[in-house]
Amino acid sequence: MKKFNLTTMLSLMVGIALADGGELVTTAVTLENNKVVEEASDTAKWTFPGSVGLNVNQAYFSDYSIEGAGGSVSLDAFLNLNANYKKNKSLWENSLSAKYGMIFSSEFEGEDCKVRKNVDELILNTKYGYKVSKTWYVSSFANLETQFTQGYEYLKEETALGTDTFYKEPISHFFAPGYLKVSLGMECIPNKYFSAFISPVTARFTFCRLDDLCERYSMELDEETGEFKHSRAELGAYFKLKSDFDITKSLHFFSTLEGFYAYNKAVETYVDFDHYIDMCDAISKNAENLTNDGYILNETLLPAPEYELVHGWYLKWKLELLLKVSKYVNVSFKTQLKYDNAEKKEIKDKYYGLPKAGLQFWETTSLGIAYSF
């Protein structure tokens, strides 16, 4: 009887265990998985993704072609390096982006202007974030931008003999200008395809080490020496939106939009530029000493332009589309639209030649090879 009872009890216990076995096993597996995830999150992890590549673009039009004229060849190289660190709620991302390219065109005017630089970029980024919720991080961010070599503006001037001469004028160089941004703010990362960084407190520093280019980048005059300062500091608000994902298996989309607004008034801008030009036009009509092109020979007849300090505005939008032809071969389309009221170009076709900020745009389409790691 006792044997029967013991056997019965064991059978009942085994039956109960089998009846509820699914939950028991599931719970055990869940606890073990959670333990593994917790241990993994405590482990520091470094990753070092990157890419290197070369792009080329070639075009030729015969003399009878109505679509264009002459031939051109452009070549540019790029290098992207990243070092990312993750542990628990901490995320530290670092990147270096370097691009450089040249273009040759038979249609470029001027003997020493046939070969020109068409891309020159050196960017360093570092960002540290601490996760405070499911999608939000408290983040600090620093960004440094400049270029490698001297850049030129290519100009044409008519001589007294009626012939045209072509020349190039320096407009940029290494750290002329250079930009440094340091931010403290919040970043939202809802998924791996999109992020938004917002900072109410951002310091933006502009550097220009060459005296000849200081005015172009709104460097201030030192009242004591009468010479241009080589740096300018602005404090303001900053934002950056980033989107990075595959549209299809072979088509990749990348875009960034960033903007900065300075709280302090740090950039000299001429007061009502268009009104000043209209006023000079009216004076020139009544002047007797004009050139054939309508320029006033005696500039003392014109009023001195007025200027004021205004808030610095900066916006830059980058867009890249990459079509993967094979593992290493791709076709890329890249474009950039930028406005910085501190970067000015001299308007040479009106009187004084006042420097004025404007929209900057470039785009490239190329066939290239790239290796990612």
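Side chains are part of it too, since the values below use all heavy atoms of this structure and drop only hydrogens, waters and symmetry mates.
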Please lay out, stage by stage, how Ser250 and Leu323 fare under the test side chain to side chain contact (heavy atoms under 4.5 Å, CB included). CA-CA 6 Å; Ser250 58; Leu323 179 63; 4.0 Å; yes
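- Both Leu257 and Leu319 are assigned to one and the same hydrophobic cluster, defined by single-linkage of ILVMFWY side chains at heavy-atom distances under 4.5 Å.
- Under the 4.5 Å side-chain criterion, counting only non-hydrogen atoms from C-beta, Ser218 is in contact with Arg232.
- Side chains of His252 and Asp244: a donor on one and an acceptor on the other come within 3.5 Å.
- Aromatic ring pairs are classed by plane angle as parallel below 30°, tilted from 30° to 60° and perpendicular above 60°; the pair Phe205 and Phe207 is parallel.
- The NZ atom of Lys114 lies 6.5 Å from the OG atom of Ser106; values are rounded to the nearest 0.5 Å.
- In this structure, Asn55 and Phe78 have side chains that are in contact, with non-hydrogen atoms separated by less than 4.5 Å.
- Taking each heavy atom of Ser231 and Met219 in turn, the nearest pair found is N-SD, 3.7 Å.
- Counting all heavy atoms, side chain and backbone alike, Ala196 lies closest to Leu241 at CB-CD2, 3.6 Å.
- Both the sub-6.0 Å distance and the 45° axial angle are satisfied by Arg116 relative to the ring of Tyr154.
- Put simply, the side chain of Leu75 reaches to within 4.5 Å of the side chain of Leu54, judged on heavy atoms.
- Formation of a donor-acceptor pair under 3.5 Å by the Asn94 side chain with backbone atoms of Ala83 is found in this model.
- In this structure, Val331 and Val325 have side chains that are in contact, with non-hydrogen atoms separated by less than 4.5 Å.
- A donor-acceptor distance shorter than 3.5 angstrom exists from the side chain of Asn264 to the backbone of Leu235, with no hydrogens or angles considered.
- Every residue meeting the ring pair (Phe, Tyr, Trp, His ring centres under 6.0 Å) condition with Phe253, not counting sequence neighbours, appears here in chain and number order: Phe245.
- Ring-plane geometry between Phe148 and Tyr100 is classed as perpendicular, the angle between the planes exceeding 60 degrees on a 0 to 90 degree scale with a lower cut at 30.
- Of all heavy-atom pairs spanning Glu224 and Asp222, the tightest one is N-OD1, 2.9 Å.
- Here the CD-NZ distance, from Glu258 to Lys338, works out to 9.0 Å after rounding to the nearest 0.5 Å.
- Residues Glu320 and Lys99 are paired through a salt bridge, judged by an N-O separation under 4.0 Å between the basic side chain and the carboxylate.
- Inspection of the Ser90 and Tyr128 side chains reveals an N or O donor paired with an N or O acceptor under 3.5 Å.
- The backbone N or O of Lys318 sits less than 3.5 Å from a side-chain atom of Ser255, completing a donor-acceptor pair.
- By the 4.5 Å heavy-atom criterion applied to side chains, Trp136 and Lys131 are not counted as neighbours.
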Taking it one step at a time, do His311 and Asn341 satisfy side chain to side chain contact (heavy atoms under 4.5 Å, CB included)? CA-CA 9 Å; His311 297 283; Asn341 72 338; over 6 Å; no
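- Of the N and O atoms on the side chains of Tyr167 and Glu169, not one donor lies less than 3.5 Å from an acceptor on the other residue.
- Contact detail for Ile171 and Tyr217: the closest heavy-atom pair is O-OH, 2.5 Å.
- Linking Ile, Leu, Val, Met, Phe, Trp and Tyr whenever their side-chain heavy atoms come within less than 4.5 Å puts Trp313 and Leu359 in one cluster.
- Note: Glu145 CD to Ile123 CD1 = 4.5 Å, rounded to the nearest 0.5 Å.
- The closest side-chain donor-acceptor pair between Ser366 and Ser332 falls under 3.5 angstrom.
- Inspection of the Trp317 and Thr335 side chains reveals no N or O donor paired with an N or O acceptor under 3.5 Å.
- Here the side chains of Asp76 and Lys117 are not in contact, with every heavy-atom distance at 4.5 Å or above.
- Although no hydrogens or angles enter the test, the distance criterion places a donor-acceptor pair under 3.5 Å between the side chain of Asn191 and the main chain of Phe194.
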Mind listing the side-chain donor-acceptor pairs of residues 173-186 below 3.5 Å, one per line with the distance, residues two or more places apart or on another chain?
| unit_1 | atom_1 | unit_2 | atom_2 | d |
| --- | --- | --- | --- | --- |
| His173 | ND1 | Arg209 | NH2 | 3.4 |
| Tyr179 | OH | Glu343 | OE2 | 2.3 |
| Lys181 | NZ | Asn143 | OD1 | 2.9 |
| Ser183 | OG | Thr202 | OG1 | 2.9 |

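- Side-chain contact between Glu153 and Arg216 is present, with heavy atoms from C-beta onward closer than 4.5 Å.
- Closest of all the heavy-atom pairs between His230 and Cys208 is ND1-O, 2.7 Å.
- Under the 4.5 Å side-chain criterion, counting only non-hydrogen atoms from C-beta, Phe141 is in contact with Tyr238.
- The hydrophobic clustering, which links ILVMFWY residues whose side-chain heavy atoms are closer than 4.5 Å, places Leu321 and Val329 together.
- Annotation: the span from Leu144 atom CG to Leu122 atom CG amounts to 7.0 Å, rounded to 0.5 Å.
- Ser95 contributes atom OG, which lies 4.0 Å from atom CG of Asn125 (distance to the nearest 0.5 angstrom).
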